[in-house]
Participant: 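If you scroll down you'll find the structure; I have some questions about it.
When a residue number appears, it is its place in the shown sequence, counting from 1. The structure presented is a predicted model; accordingly, all values stated were derived computationally and were not measured.
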Amino acid sequence: MPDRVFLGANIFIYAQDAGSPDKQRKGREVIARLADSGDGVISTQVMQEFFVAATRKLGVEPLVAKGVLKTFSVFEVVQVSATLIHEAVDCSILNQLSFWDSLILAAAASAGCSTVFSEDLASGQTILGVRVQNPLV
């Protein structure tokens with residue numbers, strides 16, 4: 001079974017950010033590769049974060065952001081549940097991470113991902129059995 005990769009919201013946000021052309025290109029390449037392979041995983045949290053950041057920070061029109069969100073259906077989507085929230089709280093306490101970063105890691109671990117692509121966490125560390133990597137550098 002190929003390695004499953006969890007994509008953090010920032011990968012999708014940079015894919016829309018014309019102000020950071022290098023990160024935009026890299027983000028789009030990563031998204032396309034994982035969409036084609038079927039190995040990409042996201043969560044409802046990623047979808048929410050994307051919509052808020054795209055509309056508030058990048059100024060993307062809400063209907064355009066909604067259209068982009070619909071393309072996320074090519075990825076497996078982990079539903080944030082009460083159990084995942086409790087796991088994220090534990091991860092946050094034990095690893096001294098933000099709750100939101102911990103929720104990403106808990107979702108990735110629950111989906112059996114070997115890697116999380118994120119710019120928010122320190123690249124190279126392994127938490128909850130998931131390796132963090134920043135594909136935008």
Side-chain angles (χ1 to χ4, degrees):
M1 179 174 160
D3 288 342
R4 294 162 50 87
V5 177
F6 192 97
L7 293 112
N10 48 26
I11 307 302
F12 294 99
I13 294 162
Y14 276 116
Q16 299 298 313
D17 187 1
S20 300
D22 190 49
K23 288 182 178 182
Q24 182 184 49
R25 179 186 52 77
K26 289 176 182 177
R28 289 180 176 185
E29 288 171 357
V30 165
I31 291 165
R33 181 170 40 86
L34 291 171
D36 288 344
S37 70
D39 296 327
V41 180
I42 62 171
S43 68
T44 51
Q45 175 191 354
V46 169
M47 296 175 76
Q48 294 163 332
E49 288 182 12
F50 169 80
F51 185 82
V52 170
T55 56
R56 289 189 182 169
K57 293 181 180 177
L58 298 180
V60 174
E61 289 296 321
L63 287 176
V64 173
K66 178 182 177 183
V68 173
L69 272 177
K70 287 186 178 192
T71 69
F72 291 13
S73 65
V74 299
F75 301 107
E76 177 183 334
V77 179
V78 175
Q79 299 290 322
V80 173
S81 64
T83 300
L84 257 159
I85 290 169
H86 291 294
E87 290 172 10
V89 168
D90 290 343
C91 178
S92 175
I93 293 167
L94 293 172
N95 295 286
Q96 298 181 342
L97 297 171
S98 79
F99 168 77
W100 300 112
D101 289 343
S102 296
L103 188 55
I104 291 292
L105 290 162
S110 76
C113 295
S114 60
T115 306
V116 169
F117 282 170
S118 176
E119 191 180 56
D120 294 336
L121 294 158
S123 195
Q125 65 184 334
T126 299
I127 300 170
L128 299 179
V130 181
R131 182 176 35 89
V132 176
Q133 184 178 341
N134 182 352
L136 302 177
V137 291

Participant: Does some side-chain heavy atom of Thr115 sit less than 4.5 Å from a side-chain heavy atom of Asp3?
Facilitator: no

Participant: Distance check, rounded to the nearest 0.5 Å: Leu121 atom CG versus Ile127 atom CD1?
Facilitator: 6.0 Å

Participant: Please tell me whether Val52 and Val64 are part of a single hydrophobic cluster in this structure, the criterion being side-chain heavy atoms less than 4.5 Å apart.
Facilitator: no

Participant: Do Phe6 and Leu105 come close enough that some side-chain heavy atom pair is under 4.5 Å?
Facilitator: no

Participant: Kindly work out whether a path of hydrophobic side-chain contacts (I/L/V/M/F/W/Y, heavy atoms less than 4.5 Å apart) joins Leu94 to Leu97.
Facilitator: no

Participant: Quick one: does Leu34's side chain get under 4.5 Å of Phe117's, heavy atoms only?
Facilitator: yes

Participant: Tell me if a side-chain donor or acceptor on Arg4 pairs with a main-chain N or O of Val41 at a distance below 3.5 Å.
Facilitator: no

Participant: Can you check whether Phe51 reaches Pro62 side chain to side chain, under 4.5 Å on heavy atoms?
Facilitator: yes

Participant: For the residue pair Lys26 and Tyr14, establish whether any side-chain heavy-atom pair is separated by less than 4.5 Å.
Facilitator: no

Participant: For Gln24 and Asp17, which heavy atoms make the closest approach, and how far apart are they?
Facilitator: CB-O, 3.6 Å

Participant: As a test of understanding, state which of Val116, Val30, Ile104, Val46 forms a side chain to side chain contact (heavy atoms under 4.5 Å, CB included) with Leu7.
Facilitator: Val30

Participant: Are side-chain heavy atoms of Val78 and Ser110 found at a separation under 4.5 Å?
Facilitator: yes

Participant: Would you say the side-chain atoms of Arg131 and Thr126 include a donor-acceptor pair closer than 3.5 Å?
Facilitator: no

Participant: Could Arg25 and Asp22 be called an ion pair, given the rule that one side-chain N must be under 4.0 Å from one carboxylate O?
Facilitator: yes

Participant: Any side-chain heavy-atom pair from Phe72 and Val77 closer than 4.5 angstrom?
Facilitator: no

Participant: Return the CD1 to CD distance between Ile11 and Gln16, rounded to the nearest 0.5 Å.
Facilitator: 13.0 Å

Participant: Testing the basics here: between Pro135 and Ser118, what is the closest heavy-atom pair and its distance to 0.1 Å?
Facilitator: CD-N, 4.2 Å

Participant: Measure across Met47 and Ile42 and return the closest heavy-atom pair with its distance rounded to 0.1 Å.
Facilitator: CG-CD1, 3.8 Å

